[in-house]
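This report refers to the structure that appears directly beneath it.
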Amino acid sequence: MATNLPPDDLQKAWQGQDTEAVKLSIEELRAKAQRYSNKVRFLNLITYFGYAVMAGVYVWLMWHPRGMAAALPNVARVSMSLVVAGICYTVYKLRKQFSAMPVPGELLFAECLNFYRSQLARRRDYWRTMWWWAIAPIIPGFALGIIANAINFPDRRRFHAMSIFVLLVFFYRAWNGFHRTADGLQRKIDNLDRMANHS
Amino acid sequence: MPDSSALYQQLSSDHIAALGRLARAYEADPEKRRDLLQDIHFGLWRSFEHFDGRCSLRTWIYRVAHNIAATHVSRQLRGKSIRLVSLDEAESIPHPSASYTTVDRQQSLERLFMLVQQLEPIDRQVIVCYLEELDAAAIAEITGLSAPNVATKVHRIKNILARRFHEGGQHGD
């Protein structure tokens, strides 16, 4: 005799299951709040530290130029200054708009549809704009360096052409990848909007 | 300003048990589920600072818990190729029920979890609320969906559950 459960019994089975009874003490909650705040701060610091290291390398190279940069130290300094400025802009955008942060307490109790939509929208905006604030700012510096080297070292034409090709492929793949991710998130948002408008 | 700690202390054993079931609907791994449950309790405590009676405590608790759990699912899925499905798609996914002639309560629950854990967050919220025997109005208040939309989804849920958990019995008789 089959004993599959009809939906009503499934509700009872669901509610009757053994689950872990967790209830934290106020001390544990306060300790968790502190750990959470430390974790967010740590994540942001790691990110900024990474960018600081990158900028530091370029600042060091400005005063210790290598290879072709050594032959054109002033141009190299301007080019690397532009890259460092681009990195600073990226850090500024990250801090202003997209830093790791806890969901504010006043958003947690939003209706689930609105909450989920706002989280998806934030991630979509992050990916949609990423190329402009993470990649584009460093392009002027790289472009100046490549153009100056191409003009002053015409015998290394093949090397310059290969560098430009590799960079263009990287920029294109980055653009494509970021927008594909953003488009996927937009489709989820569109589905939610359709769901919200369906009555 | 309400005292978040005082409100948190008011969580009844019914609420605590419901939160445990909700966490199970969103996370299969026991270790991660424990973390998720702690995150939910922590989120509730934080959110209670803003509780102003605009909705019932139960609605508030469910909203916060589901929102935190949905965020957890989104984070877990990032970079993975796992695809969650909607209720519409779940209706058409083939299931192994036809091969079961006898299924005990525990196995039914396991299969129920497998179904729930593959759903998109919003549909997961509706099905969990349905399994908690909340009515359509309460589900609508929690999720933000319209009442007719909730009624449609609940109807679909009943069909899916009846097909998956009762059809096998009919075949086996």
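A quick note: this is a predicted structure, and the numbers were derived from the prediction, not measured. Atom set for the values below is all heavy atoms of this structure, side chains included, hydrogens, waters and symmetry mates excluded. Per chain, numbering begins at 1; letters A, B, ... match sequence-line order.
- Side-chain contact between A/Arg180 and A/Trp127 is absent, with no heavy-atom pair separated by less than 4.5 Å.
- Of the two parts of A/Arg30, the backbone and the side chain both hold a non-hydrogen atom closer than 4.5 Å to a non-hydrogen atom of chain B.
- Looking at A/Asp193 and A/Arg117, a side-chain N of the basic residue comes within less than 4.0 Å of a carboxylate O on the acidic one, giving a salt bridge.
- Proximity to chain A is limited to the side chain of B/Arg24, based on heavy atoms less than 4.5 angstrom apart.
- At a threshold of 4.5 Å between non-hydrogen side-chain atoms, the residues B/Ser74 and A/Gln119 do not count as touching.
- Contact tally against chain A (heavy-atom pairs below 4.5 Å) for B/Leu37, B/Ile40, B/Ile61, B/Ile160: the top residue is B/Leu37.
- The neighbour count for A/Arg95 CZ, taken as heavy atoms of other residues, nucleotides or ligands under 6.0 Å away, does not exceed 12.
- In this structure, B/Thr143 and B/Arg63 have side chains that are not in contact, with every pair of non-hydrogen atoms separated by 4.5 Å or more.
- With respect to chain A, the highest number of heavy-atom pairs below 4.5 Å among B/Asn67, B/Thr59, B/Val64 belongs to B/Asn67.
- Only the side chain of B/Glu120 comes within contact range of chain A, judged by heavy atoms closer than 4.5 Å.
- When the side chain to side chain contact (heavy atoms under 4.5 Å, CB included) test is applied to A/Phe153, the partners found at least two apart in sequence or on another chain are A/Met68, A/Ala71, A/Leu72, A/Asn149, A/Asp155, A/Arg156, A/His160.
- Considering only heavy-atom pairs separated by less than 4.5 Å from chain A, the leading option among B/His66, B/Gln38, B/His41, B/Arg21 is B/Arg21.
- Residue contact with chain A, scored on non-hydrogen atoms closer than 4.5 Å, is absent for B/Arg33.
- Looking at B/Glu132, both its backbone and its side chain come within 4.5 Å of chain A, counting heavy atoms on both sides.
- Neither the backbone nor the side chain of A/Leu120 comes within less than 4.5 Å of any heavy atom of chain B.
- Residue with the most contacts toward chain B among A/Cys112, A/Ala33, A/Gly16: A/Cys112 (heavy-atom pairs, distance under 4.5 Å).
- Using a 4.5 Å cut-off between heavy atoms, B/Leu112 contacts chain A through its side chain alone, with no backbone atom that close.
- In this structure, chain A has a heavy atom under 4.5 Å from the side chain of B/Thr71, while its backbone stays farther away.
- Chosen from B/Glu141, B/His15, B/Arg34, the residue pairing most often with chain A at heavy-atom distances under 4.5 Å is B/Arg34.
- Note: B/Pro121 leads B/Ala70, B/Ser47, B/Gly43, B/Pro121 in heavy-atom pairs under 4.5 Å with chain A.
- No more than 12 heavy atoms of other residues, nucleotides or ligands sit less than 6.0 Å from atom CH2 of A/Trp132.
- Residues A/Tyr89 and A/Trp133 keep their aromatic ring centres 6.0 Å or farther apart.
- Using a cut-off of 4.0 Å between Lys/Arg side-chain N and Asp/Glu carboxylate O, B/Asp39 and A/Lys32 are scored as salt-bridged.
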